[in-house]
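Counting starts at 1 for both ligands and their atoms, in listed order.
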Amino acid sequence: MTALSVLKCIECGHEHQIDEPVYVCSRCSGLLDVVHDLERLRPSISRETFDGRLRQVEAPYNSGVWRFKELVFPAVADDQIVTRGEGNTTLYRAPAKLAAWVGSRALSLKHEGENPTGSFKDRGMTGGVTHAKLVGATSALCASTGNTSASMASYCALADLQALVFFPYGNIAAGKLAQSVAYGALNVQVRGDFDACLELVRQASRQLGIYLLNSVNPFRLEGQKTIAFEILQQRRWRVPDWIVLPGGNLGNTSAFGKGLSELYTLGIIDRLPRIAVIQAEGAAPFYQSYREGFATRHQSKAQTLATAIKIGNPASYFKARRTLSLTDGVVESVTDQEILDAKAMVDTSGIGCEPASAASVAGIRKLIAAGVIGADQEVVGVLTGHVLKDPEIIMHYHQGTLAGIQSSFANQLRTIDPTLSDVQSLLSRSHAPSAL
Ligand code: F0G
């Protein structure tokens, strides 16, 4: 019998078996998709199957990734899955003040920072590390702006794989670096940017035979597409008008398009949402290409305070283009000021997120102001990382010490002597409640 899933090149269509550790096409170096035999799987895929598993308390089906196993990695045996119960993240109805600031009357936020290591990467890593074990890998590597590495270090520790991480020198948020150190990875700062690190990873993987866990690995994207699945399931399969997400290396953008088209093909959903990808203005090569109707593939020297998306040459460019044409998608760019204002608003709403995540919210606000997204259209913004990932930028923002950034919503730390009179004079000067 033929395999349930194969690796298929998106450029030339050449197929590879899924037990081969290949990340790009062996013929033309194109990106690979994990293509599932949807017709064979169709009888075992239904809303009822996926919804029924919401009651599961045991691994792997208690995971918000493996609940959708038939569309993630159908052939893998349950006891071979490396999982931390990832996913199951909250879909928040945006608090009123935040929604009003954004200009939306129908805004929800999917908080992927609620994953085990604090970012959506865990959804991809459970797929990637499970595959690594299946092909007999003993070590794995990635280039990272910090979240992939935190996640990879954790899942590799769990699966007893040696993790090797390449970071762009001096550009990693403290929370992320600390995680990778704590989980026991071999952490290497490379004198170069993320794009240089990723190139080094490709060479090292090829020449030294180390398993590659960046998002060019198609098994990562199979896990990440379940963000979209879970959004739909939480909305009782009602399709929103828009899903809006930040774009860096464009793995998520690619994964969403693939996953949504599978659900549509199977009749699980009756239409596709539109996708909006938001890039930071100083790291917006995909936006530049979009503006030109994708006539040229742009690359840039990336510059943004949102270090997670400080990427100048997105690896999944061609898959992301496919997502845009499939979903009638758009790409927008936002300044660091807009990102940090949006972050302050998400943070003070009580939800909180890391800077790159706030690009989604800044982008929704901009697209509503421009009339691209309607104020009454149902919008889901994806918050990709946890507020604690980047504590330094929070303190700098609120102390007004970020060069070139106006701290419009600053919440300053106060210092007093331990006297009641100091407390009283503080309360009378501030807007704090007078009676606690
Ligand atoms: N948001 C966060 C918090 C991220 O960490 C990343 C990527 C993105 C958005 C962009 O997602 O690459 O799928 O377009 N972080 C990678 C890393 C590059 O190394 O952690 P994308």
Next item on the list: For the pair Gln279 and Ser333, evaluate side-chain hydrogen bond (donor to acceptor under 3.5 Å, both in side chains) and give the outcome as yes or no after the intermediate values.
Entry: CA-CA 5 Å; Gln279 294 209 290; Ser333 82; over 6 Å; no
Next item on the list: For ligand 1, note which part of Thr253 has a heavy atom under 4.0 Å away: side chain, backbone, both or neither.
Entry: neither
Check: If you measure from each non-hydrogen atom of Lys121 to ligand 1, which part falls under 4.0 Å: side chain, backbone, both or neither?
Finding: side chain
Notebook entry, point to check: Is there at least one pair of N or O atoms, one from Gly247 and one from ligand 1, spaced under 3.5 Å apart?
Noted result: no
Checklist line | salt_bridge(Arg67, Glu230) N-O dist < 4.0 Å | finding: yes
Check: Numbering the atoms of ligand 1 from 1, which are under 4.0 Å from a heavy atom of Asn147?
Finding: 2 (C), 3 (C), 4 (C), 5 (O), 20 (O)
Margin query: Tell me the contacting part of Gln224 for ligand 1: side chain, backbone, both, or neither, using a 4.0 Å heavy-atom threshold, strictly below.
Written below: neither
Item checked: Gly248 N/O to ligand 1 N/O under 3.5 Å -> yes
Next item on the list: List every atom of ligand 1 that sits less than 4.0 Å from any heavy atom of Asn249, numbering the atoms from 1 in the order shown and giving each element.
Entry: 12 (O), 14 (O), 21 (P)
Item checked: Partners passing side-chain hydrogen bond (donor to acceptor under 3.5 Å, both in side chains) against Thr335 (at least two apart in sequence or in another chain) -> Glu338
Next item on the list: With heavy atoms under 4.0 Å as the rule, classify the contact between Ala356 and ligand 1 as side chain, backbone, both or neither.
Entry: side chain
Margin query: If we only consider heavy atoms of Ser119, is any one of them less than 4.0 Å away from an atom in ligand 1?
Written below: no
Notebook entry, point to check: For ligand 1, which atoms, with element, lie under 4.0 Å from some heavy atom of Thr145?
Noted result: 15 (N), 16 (C), 17 (C), 18 (C), 19 (O), 20 (O)
Check: Among side-chain atoms of Ser151 and Thr148, is any donor-acceptor pair under 3.5 angstrom?
Finding: no
Next item on the list: Indicate whether the side chain of His111 and that of Thr90 have a donor and an acceptor atom separated by less than 3.5 Å.
Entry: no
Note to self: Assess whether a salt bridge exists between Glu354 and Lys343, defined as any Lys/Arg side-chain N lying under 4.0 Å from an Asp/Glu carboxylate O.
What the structure shows: no
Next item on the list: Salt-bridge test for Lys258 and Glu222: reply yes if a basic N is under 4.0 Å from a carboxylate O, no otherwise.
Entry: yes
Check: For ligand 1, is any non-hydrogen atom under 4.0 Å from Leu245's backbone (N, CA, C, O), its side chain (CB onward), both, or neither?
Finding: neither
Check: Taking only heavy atoms of Ala308, which atoms of ligand 1 are found under 4.0 Å from at least one of them?
Finding: 2 (C), 3 (C), 4 (C), 5 (O), 6 (C), 7 (C), 15 (N), 18 (C)
Notebook entry, point to check: How are the rings of Tyr23 and Tyr211 set relative to one another: parallel (under 30°), tilted (30 to 60°) or perpendicular (over 60°)?
Noted result: perpendicular
Notebook entry, point to check: Which atoms of ligand 1 sit under 4.0 Å from any heavy atom of Ile311?
Noted result: 18 (C)
Notebook entry, point to check: Are Asp78 and Lys69 within salt-bridge range, i.e. N to O under 4.0 Å?
Noted result: yes
Notebook entry, point to check: N/O of Thr148 under 3.5 Å from N/O of ligand 1, yes or no?
Noted result: yes
Checklist line | Selection residues 319-335 - residue pairs positive for salt bridge (Lys or Arg N to Asp or Glu O under 4.0 Å), sequence neighbours left out | finding: Asp33-Lys319, Asp33-Arg322, Arg274-Asp328, Glu332-Lys366
Next item on the list: Among all protein heavy atoms, pick the one closest to atom 2 (C) of ligand 1 and tell me residue, atom and distance.
Entry: Thr384 OG1, 3.4 Å
Notebook entry, point to check: Do Ser357 and Thr384 have a side chain donor and acceptor closer than 3.5 Å?
Noted result: yes
Item checked: Side chain, backbone, both or neither: Leu250 near ligand 1, heavy atoms under 4.0 Å -> backbone
Check: Given Asn252, Ile309, Asp390, which has its nearest heavy atom closest to atom 10 (C) of ligand 1?
Finding: Ile309
Item checked: For Ser144, the ligand 1 atoms whose distance to one of its heavy atoms is below 4.0 Å -> 17 (C), 19 (O), 20 (O)
